[in-house]
2 protein chains.
Amino acid sequence: MNQPIRLAILGYGNLGRGVEAAMSYNPDVELEAIFTRRAPETLHPMTNVPVYHVDDLLKLKDSIDVLILCGGSATDLPVQSPECAKYFNIVDSFDNHSKIPEHFDAVDAAARTAGKTAMISAGWDPGMFSLQRLLGNCILPEGHDYTFWGKGVSQGHSDAIRRIAGVKDAKQYTIPVEAALERVRAGENPELTAREKHLRECFVVAEEGADLARIEREIKTMPAYFEPYDTTVHFITEEELKRDHSGIPHGGFVLRSGVTGLQGETKQMIEYRLTLGSNPEFTASVLVACARAVARMAREGMHGCKTIFDVPPAYLSPKDDAELRKNLL
Amino acid sequence: MNQPIRLAILGYGNLGRGVEAAMSYNPDVELEAIFTRRAPETLHPMTNVPVYHVDDLLKLKDSIDVLILCGGSATDLPVQSPECAKYFNIVDSFDNHSKIPEHFDAVDAAARTAGKTAMISAGWDPGMFSLQRLLGNCILPEGHDYTFWGKGVSQGHSDAIRRIAGVKDAKQYTIPVEAALERVRAGENPELTAREKHLRECFVVAEEGADLARIEREIKTMPAYFEPYDTTVHFITEEELKRDHSGIPHGGFVLRSGVTGLQGETKQMIEYRLTLGSNPEFTASVLVACARAVARMAREGMHGCKTIFDVPPAYLSPKDDAELRKNLL
């Protein structure tokens, strides 16, 4: 076996923990270090990996093949990814779709100047869902795209509920509307409103004596977050929230509904579905496979910023090409 | 817009017709010629494209960017693909899984010597299903693979029925067993026998006076083809066969059932599903997208034999990278 690919994690939240946990499934990589903005001694990794303060990042520059950025897309990655790409091959899971072009440009400039390889937006959406959208559009150029999310926890919507006066804690699930999915699968190519595509289900722990009717009303009428959807609100106890809603499941569907034939007379349907027990652990698993591809692209001199659209799929695998052709083609 | 990619078809059966029909959905390519082993004047293309005898193939060598081989995997492609790769960039849909390694080697040697680019096994299985198997294995290294086929017409099984004495015509559908699919989706990771995975449903037109009971028995006890499965046989009229069973639908499912987390405690499920109104038209659509990728790889000097595992996904698209990132990532 070749030398293992030496990885490091920057940012130790749910995603960073997911990357750490993924190591045991990927014997061709090893985790050299975790970097954090917190005091290193306050971190307790699940495995035997050294923790350093982020200020020491450059000291370990030569012992890391790929740095996996596990920060958030709102404020961390727009700064960290271009900065780190000056010194490291990197992979991130930047997921702010509308800002991908500018994020790409910033990371690409840094990586090209430094002769490094970077991969952005590696996860499932963007990431695997994007790849399925691309494939669907290439194979069935005449058609419609549909993406449904859930059933899964939306952090942003859960946070929005928690900001309402009288709310102690909350968890929000985004749920695809089965009837809409069935219409798409039937090849109807419907135009679907937000309300027709997704339901929102909220589990709320209220403070003692809070006005539950007011909280429910404030949730259901919240513009953009809840008003455009059919929303149900359940008030539960703190114990119930902890017992029944502490996971971070997610998933969804990408469908391409297209036609072929001389007159467009033949219906063709492609459906991709993820059912994820843990959103951050799955995203982390994608990040590790992409880090492997980044290491190979870096070795081959493919510098600059990449996305899943640019990666020969075999580069995601630790197996050699002949083995892949024999067993998986 | 750039110069269109000049394609040609070798072999004008269902697949060749599918490629011809796909032209109108792909404005960046154009069909220069159809080559056939039959007398060219006996062919009636659906569009205005010249037909030549296969013996004239090399005369048009310089006006074709990619030759799409639409012959069969049993006897045509093992000869044609290596031979044509000496003179053309090619793409084929070779689908004899167990012989892929030797087919790859033969095509690779021819293409490398000639400085050409070839892509084999471009279709949906092998092809898109293979890509999903690869992605599933890379993201969830700890897990199980499942491939189900159907509901769809199996040409080989239909032919086997037609060879029985007293059978005038027949159509066989392979049908995935819904209960098995549900067990896989539930993360049970079952070991499934052939019988547990697929049903076989046969529609048979018998000759007048034929012994139907004998025909049914011969079908159901046919080794390898039907004996290992639960098989149902319906006798219908020639008119019914033509009216209700003249399409060539197919499809299927690729599932990767895996785990993540430090102790493998989290279930993760990836499911890819195709529901195809026409098997050859869908395969043809994949071939055209792959021909586009072959043309680009050839321009960039990426010679030799490739598979879908080697192709950066963006190469399948006529759109530029920035547009893909903005709209599909």
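Proximity of A:Arg325 to B:Thr307: side-chain heavy atoms (C-beta onward) are separated by under 4.5 Å at one or more points.
Of the listed residues B:Asp321, B:Val259, B:Leu255, B:Val254, the one with more heavy-atom pairs under 4.5 angstrom with chain A than any other is B:Val259. Most heavy-atom pairs under 4.5 Å with chain A, from the set B:Thr147, B:Asp105, B:Ile100: that is B:Ile100. Annotation: maximal heavy-atom pairing with chain A below 4.5 Å, among B:Pro101, B:Ala314, B:Gly261, occurs at B:Gly261. In terms of heavy-atom pairs under 4.5 angstrom with chain B, the leader among A:Ala21, A:Pro126, A:Cys138 is A:Cys138. Residue with the most contacts toward chain B among A:Asp145, A:Asn327, A:Leu262, A:Ile139: A:Ile139 (heavy-atom pairs, distance under 4.5 Å). Ranked by non-hydrogen atom pairs under 4.5 Å with chain B, the options A:Ser98, A:Cys290, A:Pro141 are led by A:Pro141.
With a 4.5 angstrom heavy-atom cutoff, B:Gln132 touches chain A only via side-chain atoms. Only the side chain of B:Met128 comes within contact range of chain A, with at least one heavy atom under 4.5 Å from a heavy atom of that chain. Heavy atoms of A:Arg185 lying under 4.5 Å from chain B belong exclusively to its side chain.
Applying a 4.5 Å heavy-atom cutoff, the residues of residues 272-288 of chain A that approach chain B are A:Tyr272, A:Arg273, A:Leu274, A:Thr275, A:Leu276, A:Gly277, A:Ser278, A:Glu281, A:Phe282, A:Ser285, A:Val286.
A side chain to side chain donor-acceptor pair (under 3.5 Å) check over residues 16-26 of chain A, counting only residues at least two apart or in different chains, returns the pairs A:Tyr12-A:Glu20, A:Glu20-A:Thr47, A:Asn26-A:Arg292. Applying the side chain to side chain donor-acceptor pair (under 3.5 Å) test to pairs two or more places apart or on separate chains, those with a residue in residues 308-317 of chain A are A:Glu300-A:Tyr315.
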Go through the steps to decide whether B:Leu131 and A:Leu135 satisfy the test side-chain contact (heavy atoms from CB on, under 4.5 Å), and finish with yes or no.
-> CA-CA 11 Å; B:Leu131 178 55; A:Leu135 293 168; 3.7 Å; yes
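Residue B:Trp124 holds its CH2 atom at 10.5 Å from CD of A:Gln268, rounded to the nearest 0.5 Å. Taking CG of B:Leu328 as the reference point, atom CG of A:Asn137 lies at 5.0 Å (rounded to 0.5 Å). A distance of 11.0 Å separates NZ in B:Lys319 from CZ in A:Phe309, rounded to the nearest 0.5 Å.
For the side-chain contact (heavy atoms from CB on, under 4.5 Å) criterion with A:Leu329, the lone passing option out of B:Leu134, B:Asp125, B:Ile308 is B:Ile308.
Listed by chain and number, the residues in a side-chain hydrogen bond (donor to acceptor under 3.5 Å, both in side chains) with A:Glu188 are A:Arg183 (sequence neighbours excluded).
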